**Q** 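Below: one structure in structure tokens.
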Amino acid sequence: MNQPYLSATGMRGGYGKADILNDCTITVEKGQIAVIVGPNGAGKSTAMKAVFGMLPLREGRVTLAGEDITALSPQDRVGKGMGFVPQTNNIFPSMTVQENLEMGAFTRQDDFRETLQQVYDLFPAVAMKRRQRAGELSGGQRQQVAVGRALMTRPSLLMLDEPTAGVSPIVMDELFDRIIEIARTGISILMVEQNARQALEIADIGYVLVQGANRFTDSGAALLADPEVRRTFLGG
Amino acid sequence: MDILNALVTLLNFVVIPAAAYGAQLALGALGVTLIYGILRFSNFAHGDTMAFGTAICILLVWALQAAGIGIAPLPTALLALPAAIALTALLMVATDRAVYRFYRRQRSAPIIMVMASVGVMFMMNGLTRLLIGVNEIRFDDGARFVVSVAEFRAWTGLSEGLALRQSQVITLVVTALACWALFWFLNRTRSGKAMRAYSDNEDLALLSGIDPDRVVRITWIIAAALVTTAGVLYGLDKSFRAFNYFQILLPIFAAAIVGGLGNPLGAVAGGFIVAFSEVAVTYPWRKIAGYLLPDWQPAGLLQLLSTEYKFAVSFVILIVVLLFRPTGLFRGKSF
């Protein structure tokens, strides 16, 4: 059987004694957009952190491109092709936009100017502000810098923890458009979102988590059409 | 003529000494602010590290003098400085290994690190006194003046003289070079940017693959270079006495906090602000007032504070800044 590109199966674990994740499974195919939605406290961000190795797992297995990475640290997972954009504190505020992106490429020994140009092509608004301090930018532009920073290692899987938290609806649509563009280049996307309806609209696959376990898993469109999902999670 | 005389007096007794002192404070404050930005604690051992670095430099100067090596008319201390920096850096990196690394791994609160640094301060304090003693030492060989009072009077014909000591010129030149090198390093090199990134957002820096141990090591080495240079320049300008170096910690902290802890540019500005305030408040203005307002005969010396109270100036500046602008003039970090 062909294994999905990212496969995190049977994850169980938490920060203290109580488990937050109870047999949670997340898989993403190459170039797919996967979205994790669910009510507050369902363990959405925790599930993503577990995939990235920021949460010790008691059970379960994470593989990327067929390679078992369950035991690796987050830093080593970056080396294996994962890119992670935290929800908050995801930029270097006193450094310029360009320096933020350079720091994203810190581990790269080769010439990263081409990647830099690709990021600027993707986000023309921040390209114009490359000499400005990232902390002085608007919320939406900061998120673009944060995503750009994670793209600098040329990841094969980009993970976004609530990228649209605290930005206006217009900026959110714009950001989702960029995420679709990134996925078209063959990068897999795993995203946790509060704005469930809009996120599922662009999702190839959606995971509805409840109390750290998978409740519904289907394509984004199917989840949006499912009357039970609509009633319980999308407000009708 | 009187205005010129007043101006020369002002330059001679206020501007030039305060500029040299400010440069020394700026170098000290830069070290404090870097350590605060990267290691996230106020290093109380800074003053005594300064004394240790200077003591090493003096020992090297004596060795060089005994061997008959010098760079006259410049002081031998400049020749000995790089080696003194290297030895001080070695000691600071070793101290970090032995003391601070433990607390860093425990993710201790900053106040615990501060207390640890107080312990290091006492150790360093004793070490310096064992090494070189408690007495005042002068080690400013080489030419004394670039411009002497007599020369200046002969050239200008003014009744007031102006002296420009070599140590003052060296202080300003070396400080300018050190600041330029530091800002170049922080803004242009990969390691410098990594340091700033680590100071800005530690978690994201780790995520980006920046090696924290390396950043910390580089920080100690740079701090050692800055603090040893500051100490040697201060010693050349005034004299070396271990206790004075312990005391200078207060104006250095005042400078770093005025500028905004964690902000290097602020540390430089803060150094000059504290130095100029200190000198201006403790200088008797009677003479200058006499030139500008010949009809006015003030009763006193027009000295706001006697020089014994000069540390009060730092305290007042500290309190005012902490009350009204706790993040400092240049918006440092406030954890």
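This structure is a prediction, so every number in the text was calculated from the model and none was measured. Chain letters run A, B, ... following the sequence lines, proteins first, then strands; residues in each count from 1.
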**Q** Is it the case that more than 12 heavy atoms not belonging to Arg133(A) sit under 6.0 Å from its CZ atom?
**A** no
**Q** What part of Pro86(A) gets closer than 4.5 Å to chain B, counting heavy atoms only: side chain, backbone, both or neither?
**A** side chain
**Q** When rounded to the nearest 0.5 angstrom, what is the spacing between CG in Leu204(B) and CG in Asn100(A)?
**A** 7.5 Å
**Q** Under 6.0 Å from the CZ atom of Arg97(B), do we count more than 12 heavy atoms belonging to anything else shown?
**A**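 Count not over threshold, so no.
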**Q** Rounded to the nearest 0.5 Å, how far apart are CG of Asp200(B) and CE of Met103(A)?
**A**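 It is 10.5 Å, given to the nearest 0.5 Å.
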**Q** For Leu323(B), does the CG atom sit with more than 12 other heavy atoms under 6.0 Å from it, leaving out its own atoms?
**A** yes
**Q** Counting only heavy atoms not in Tyr15(A), do more than 12 fall under 6.0 Å of its OH?
**A**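 More than 12 heavy atoms, drawn from other residues, nucleotides or ligands, come within 6.0 Å of this atom.
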**Q** Against chain B, label Phe84(A) side chain, backbone, both or neither, depending on which of its atoms sit under 4.5 Å from a heavy atom there.
**A** both
**Q** Got a second to check how far Ile210(B)'s CD1 is from Gln75(A)'s CD, nearest 0.5 Å?
**A**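 Nearest 0.5 Å value for the CD1-CD distance: 10.5 Å.
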**Q** Taking atom CD of Gln106(B) as the centre, report whether more than 12 heavy atoms of other residues, nucleotides or ligands fall under 6.0 Å from it.
**A** yes
**Q** With a 4.5 angstrom heavy-atom cut-off, which part of Arg149(A) approaches chain B: side chain, backbone, both or neither?
**A**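 For Arg149(A), the contact with chain B is made by the side chain alone.
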**Q** Is it the case that atom CZ in Arg325(B) sees more than 12 heavy atoms from other parts of the structure closer than 6.0 Å?
**A** yes
**Q** May I ask you to check whether over 12 heavy atoms, not counting those of Lys80(A), lie within 6.0 Å of atom NZ?
**A** no
**Q** Measure across Asn90(A) and Asn201(B) and return the closest heavy-atom pair with its distance rounded to 0.1 Å.
**A** N-ND2, 4.2 Å
**Q** Looking only at heavy atoms and a cut-off of under 4.5 Å, which of Val78(A), Thr96(A), Thr153(A), Ile91(A) has the most pairs with chain B?
**A** Ile91(A)
**Q** If I take atom CG from residue Asn89(A) and atom CD from residue Glu202(B), how far apart are they, to the nearest 0.5 angstrom?
**A**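 Result: 11.5 Å between the selected atoms.
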**Q** Please check if atom CZ in Phe246(B) has more than 12 non-hydrogen atoms from other residues, nucleotides or ligands closer than 6.0 Å.
**A** no
**Q** Could you pull out the closest heavy-atom pair between Phe92(A) and Ser208(B), with the gap in Å?
**A**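 For Phe92(A) versus Ser208(B), the nearest heavy atoms are CZ-OG, 4.1 Å.
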**Q** Rounded to the nearest 0.5 Å, what separation is found between the OG1 atom of Thr107(A) and the CG atom of Leu207(B)?
**A**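 Answer for the OG1-CG pair, Thr107(A) versus Leu207(B), is 10.5 Å.
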**Q** Return the OG to CE distance between Ser199(B) and Met95(A), rounded to the nearest 0.5 Å.
**A** 9.5 Å
